[in-house]
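Notes follow the structure.
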Amino acid sequence: DDIENKLRSIHTELLRTEEAFTTETIRNIFNGESESVKQHTLLKTFEAYKKAKLQNEFSTSAEKVVVLQTKIEAYLASIKRKDILLDEIKNDFAVKFHDFITDKPYNLGLNTAFQHITYLKSIMYYALDRNWVKSHPFARFKPEKKQPSPRSLKEYQIEALRTAKMPSPRMAEYRDIFLFGYYTAL
């Protein structure tokens, strides 16, 4: 009875912290063992990744990681979780997340979902490089990707591109290189 009360007390205290924990965490605290390996969560890994990799980057990569994090938070909410320990993530997490973003309300196309999974894999590799996980839980997961069919530009689109004001000299240079190739059939 005393053991049960102590376990309930530990559990209640961990719930108050709003940190993710496992039964192993409770056992270690009960046995007086310190948590020698800090338990890392997915959302905290996102924050560490953004801080380390995207700190000074104003790119589409940074935006995509933020968008992915928002979708991960929505997925976690759909399974009634605020966060998830990295050690709890298995291959089926990626499969279920992929299904979540390709279904309502997001209805993402296969290639966009593929891109999201690729960024999620990068974040898990970041955690693996820091020894926050023992192995990459879905390194072998390869979502379906559809090869887009090439489309030709119409003449009015080429003209619009030729006369468009570019936001930077570099973009204007890329446009000019593209148009040179187009007009010379390179």
Under the side chain to side chain contact (heavy atoms under 4.5 Å, CB included) rule, what do Lys50 and Val65 come out as? Steps first, then yes or no, please. CA-CA 8 Å; Lys50 288 188 301 188; Val65 169; 3.8 Å; yes
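Judged as a side chain to side chain contact (heavy atoms under 4.5 Å, CB included), and not counting sequence neighbours, the contacts of Phe178 are Leu153, Ile158, Leu161. With sequence neighbours excluded, the residues satisfying side chain to side chain contact (heavy atoms under 4.5 Å, CB included) with Ala172 are Met166, Arg175. By the side chain to side chain contact (heavy atoms under 4.5 Å, CB included) test, Ala139 pairs with Tyr125, His136, sequence neighbours left out. Val67 pairs by the side chain to side chain contact (heavy atoms under 4.5 Å, CB included) definition with Lys71, His116, not counting sequence neighbours.
In the hydrophobic clustering of ILVMFWY residues, with side-chain heavy atoms under 4.5 Å counting as a link, Phe138 and Phe46 come out together. Cluster annotation: Tyr106 is not connected to Leu110 through the hydrophobic network of ILVMFWY side chains, with a link wherever side-chain heavy atoms come within less than 4.5 Å. Cluster annotation: Ile123 is connected to Leu108 through the hydrophobic network of ILVMFWY side chains, with a link wherever side-chain heavy atoms come within less than 4.5 Å. Clustering ILVMFWY residues whenever any of their side-chain heavy atoms sit less than 4.5 angstrom apart, transitively, puts Met124 in the very cluster that holds Ile79.
Contact check on Glu173 versus Arg170 returns no salt bridge, with no Lys/Arg side-chain nitrogen under 4.0 Å from an Asp/Glu carboxylate oxygen. With salt bridges taken as basic N to acidic carboxylate O contacts below 4.0 Å, one links Glu4 and Arg8.
Ring planes of Tyr126 and Trp132: perpendicular class, angle over 60° (limits at 30 and 60°).
With values rounded to the nearest 0.5 angstrom, Phe114 atom CZ is found 9.5 Å from Ile117 atom CD1. One finds the CD1 atom of Ile84 at 11.0 Å from the OG1 atom of Thr45 (value rounded to the nearest 0.5 Å). Rounding to the nearest 0.5 Å gives a distance of 11.0 Å between CG of Leu42 and CD of Glu88. Between atom CD1 of residue Ile72 and atom CZ of residue Arg81 there is a gap of 12.5 Å, rounded to the nearest 0.5 Å.
Nearest heavy atom pair, residue Leu76 against residue Asp83, reads CD1-CA, 3.8 Å. Of all the heavy atoms in Leu43 and Lys82, the pair that sits closest is CD1-O, 3.2 Å.
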What donor-acceptor contacts under 3.5 angstrom involve side-chain atoms of residues 93-105, with partners at least two apart or in another chain?
{"residue": "Lys96", "atom": "NZ", "partner": "Asp92", "partner atom": "OD2", "Å": "3.3"}
{"residue": "Thr102", "atom": "OG1", "partner": "His98", "partner atom": "O", "Å": "2.9"}
{"residue": "Thr102", "atom": "OG1", "partner": "Asp99", "partner atom": "O", "Å": "3.3"}

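Leu68 is listed as a side-chain neighbour of Leu120, based on a closest heavy-atom distance under 4.5 Å. A heavy-atom distance below 4.5 Å is not found between the side chains of Pro137 and Asn91.
Here side chain to side chain donor-acceptor pair (under 3.5 Å) pairs that include residues 137-166, with residues two or more places apart or in two chains, are Glu155-Tyr182, Glu159-Arg162.
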